[in-house]
2 protein chains.
Amino acid sequence: MPTKTPKNPKNPSDADNASHTSHASRAKKKAQVTPSPERRRELLDTAAEVFAAQGYNATTVRKIADAAGMLAGSLYYHFDSKESMLDEILSTFLNELWEGYDAVLAAGLGPRETIEALVTESFREIDRHRAAVAIYQKEARHLSDQPRFHYLSDSQVKFEKAWLGTLERGVAAQVFRADLDVRLTYRFVRDTVWVAASWYRPGGQHSPEEIARQYLSMVLDGIAVRPYVRT
Amino acid sequence: MPTKTPKNPKNPSDADNASHTSHASRAKKKAQVTPSPERRRELLDTAAEVFAAQGYNATTVRKIADAAGMLAGSLYYHFDSKESMLDEILSTFLNELWEGYDAVLAAGLGPRETIEALVTESFREIDRHRAAVAIYQKEARHLSDQPRFHYLSDSQVKFEKAWLGTLERGVAAQVFRADLDVRLTYRFVRDTVWVAASWYRPGGQHSPEEIARQYLSMVLDGIAVRPYVRT
DNA sequence: GCGGTTCCCTAACAAGCGTTTGGCAGGTTA
DNA sequence: TAACCTGCCAAACGCTTGTTAGGGAACCGC
């Protein structure tokens with residue numbers, strides 16, 4: 001990474017709307033320059049697509065520019081760096097994700113209903129942010145070492161707390177099996193949901209809700225035929 | 001990738017022991033040079049570890065050399081290129097995997113027992129080739145575009161045939177539920193197993209067999225408590 | 001003690017990387 | 001008409017990358 005630390009560290013009119021978790025705190029270098037947010041979104045969408053397909057490191061800034069129909073340098077009118085594109089993609093996704101999750105967790109549902117709602121919400125997020133989810137899965141682990149991406153770890157901790165907590169509540173309430181290792185169960189449920197982003201294509205034959213329904217059916221009841229169940 | 005196509009395309013004593021699927025067919029350039037296989041293994045192991053931790057593209061050849069306690073150029077005494085290290089890591093893993101799988105599939109077990117055996121075998125492979133599995137998962141998709149790595153797609157096709165076939169047999173034999181989308185179930189089971197490589201650490205508190213047992217229990221019977229089952 | 005082999009180091013190479021700089025066309029405002 | 005943004009291009013920058021060439025130390029069999 002030839003990041004020759006920029007020579008003009010002037011710190012101008014740092015006035016952002018401050019809702020984002022991470023990239024919002026970064027100062028905007030060039031003072032007079034104000035690119036339109038719509039174009040940013042467009043470019044971030046194509047960038048996310050390329051990142052997801054090729055991997056972040058394998059994606060050159062020239063490939064992104066290519067996909068966007070422009071030249072490499074032109075991207076720097078809209079963004080500070082390649083890394084800040086990644087940052088914005090991931091943090092935007094996580095913000096939206098937690099909006100949904102927090103709503104579910106605040107609803108005061110029972111353990112089973114909470115799991116069902118979380119899974120359904122997750123598939124909706126995958127539907128909306130397929131590329132971002134795919135990037136997250138591939139890169140999160142080694143990104144979270146960098147200070148800039150610490151919010152990834154934070155999110156993961158929060159994530160684990162929500163899911164694990166719900167599972168434990170469920171075991172205590174005897175709606176989930178007590179003979180399983182809860183951590184193992186957590187990872188099992190978490191992974192099965194999110195890896196779906198690697199094969200899911202929006203507009204396919206199954207809606208997010210339908211996929212969620214089937215996944216939940218498998219996770220909760222298993223894929224084996226039951227001998228005979230009396231209720 | 002500064003791969004300046006080598007200027008000496010001489011094609012010497014091409015005599016390999018020809019068991020490997022992919023890299024074995026590549027000619028050895030330098031005629032007089034014969035590095036020891038043991039050292040190769042060692043270096044490949046550390047390379048795999050770094051690849052798995054940082055991602056293939058983010059891993060520079062200098063980092064690998066560092067981890068191995070040598071200098072970047074020295075690696076080229078043992079290997080043609082960075083890419084051929086990746087190749088050898090992946091193909092070695094896949095060869096061993098298919099040895100195990102083929103044995104299971106040839107055993108003539110019933111559908112449920114086949115699934116159980118495949119899952120158990122998979123966790124054993126994860127135990128043995130954790131790094132390679134992690135690399136495979138992160139990189140396989142975009143690698144299989146390159147001709148050199150076409151064997152990854154081939155393997156995936158074979159893989160799908162084995163699992164999907166077994167599941168369908170199971171549905172026909174009424175040991176697996178018929179009300180689920182079989183493809184979805186396949187992806188579910190497949191993903192459930194293999195993502196474990198991302199958190200599994202050999203020598204942990206659970207043996208591969210124990211993890212397999214719990215995973216199978218979840219996949220087959222679900223995590224919900226059953227009302228009352230009469231056999 | 002000599003030729004050969006094994007394994008690594010030193011030092012460079014050209015290509016590709018992310019990024020910067022300056023400028024120019026088109027639209028908007030005055 | 002002039003001044004001013006916005007969005008992009010053209011061309012270069014310094015660094016890092018994968019890779020190579022040549023050499024040298026240690027050990028071998030003879």
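We name chains A, B, ... by the order of the sequence lines, and we start the count at 1 in each one. Since the structure is predicted, the reported quantities are computational estimates derived from the model, not experimental observations. Below, each value reflects all heavy atoms present in this structure, side chains not excepted, and no hydrogens, waters or symmetry copies.
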To the nearest Å, how far apart are [X] [atom1] and [N] [atom2]?
X: B:D80; N: D:dA21; atom1: CG; atom2: P; value: 13 Å
X: B:F51; N: D:dG18; atom1: CZ; atom2: C1'; value: 12 Å
X: B:N57; N: D:dT16; atom1: CG; atom2: C1'; value: 14 Å
X: A:L86; N: C:dG18; atom1: CG; atom2: C1'; value: 14 Å
X: B:E83; N: D:dT17; atom1: CD; atom2: C1'; value: 15 Å
X: B:L75; N: D:dT17; atom1: CG; atom2: C1'; value: 14 Å
X: A:F79; N: D:dG7; atom1: CZ; atom2: C1'; value: 13 Å
X: A:M85; N: C:dC17; atom1: CE; atom2: C1'; value: 13 Å

Any [X] side-chain nitrogen or oxygen under 4.0 Å from OP1 or OP2 of [N]:
X: A:R39; N: D:dT6; answer: no
X: B:H78; N: C:dC8; answer: yes
X: A:S36; N: D:dT6; answer: no
X: B:Y76; N: D:dT19; answer: yes

Under-3.5 Å N/O pairs linking protein and nucleotides 9-11 of chain D:
{"from": "D:dC9", "atom 1": "OP2", "to": "A:L71", "atom 2": "N", "distance (Å)": "2.7"}
{"from": "D:dC9", "atom 1": "OP2", "to": "A:S74", "atom 2": "OG", "distance (Å)": "2.8"}

Is [X] salt-bridged to [Y], going by a charged N under 4.0 Å from an acidic O?
X: B:R124; Y: B:E209; answer: yes
X: A:R130; Y: A:E49; answer: yes
X: A:D127; Y: A:R201; answer: no

Go through C:dG18, D:dT6, C:dT19 for me and flag the one nearest to the A:R62 side chain.
->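 Selected nucleotide (nearest to the side chain): C:dG18.
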Side chain of A:Y77 only, please: which of D:dT6, D:dT17, C:dT19 is the nearest?
->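 For the A:Y77 side chain, the nearest candidate turns out to be D:dT6.
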Any side-chain donor paired with an acceptor under 3.5 Å for B:Q156 and B:E160?
->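 B:Q156 vs B:E160: no donor-acceptor pair found between side chains.
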Regarding B:E210 and B:Q205, is there a side-chain donor-to-acceptor distance under 3.5 Å anywhere?
->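 Note: B:E210 and B:Q205 side chains miss the donor-acceptor criterion.
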Relative to the ring of B:Y136, is the ring of B:F93 parallel (under 30°), tilted (30 to 60°) or perpendicular (over 60°)?
-> perpendicular
When the ring planes of A:F188 and B:Y215 are compared, do they come out parallel, tilted or perpendicular, using 30° and 60° as the limits?
-> perpendicular
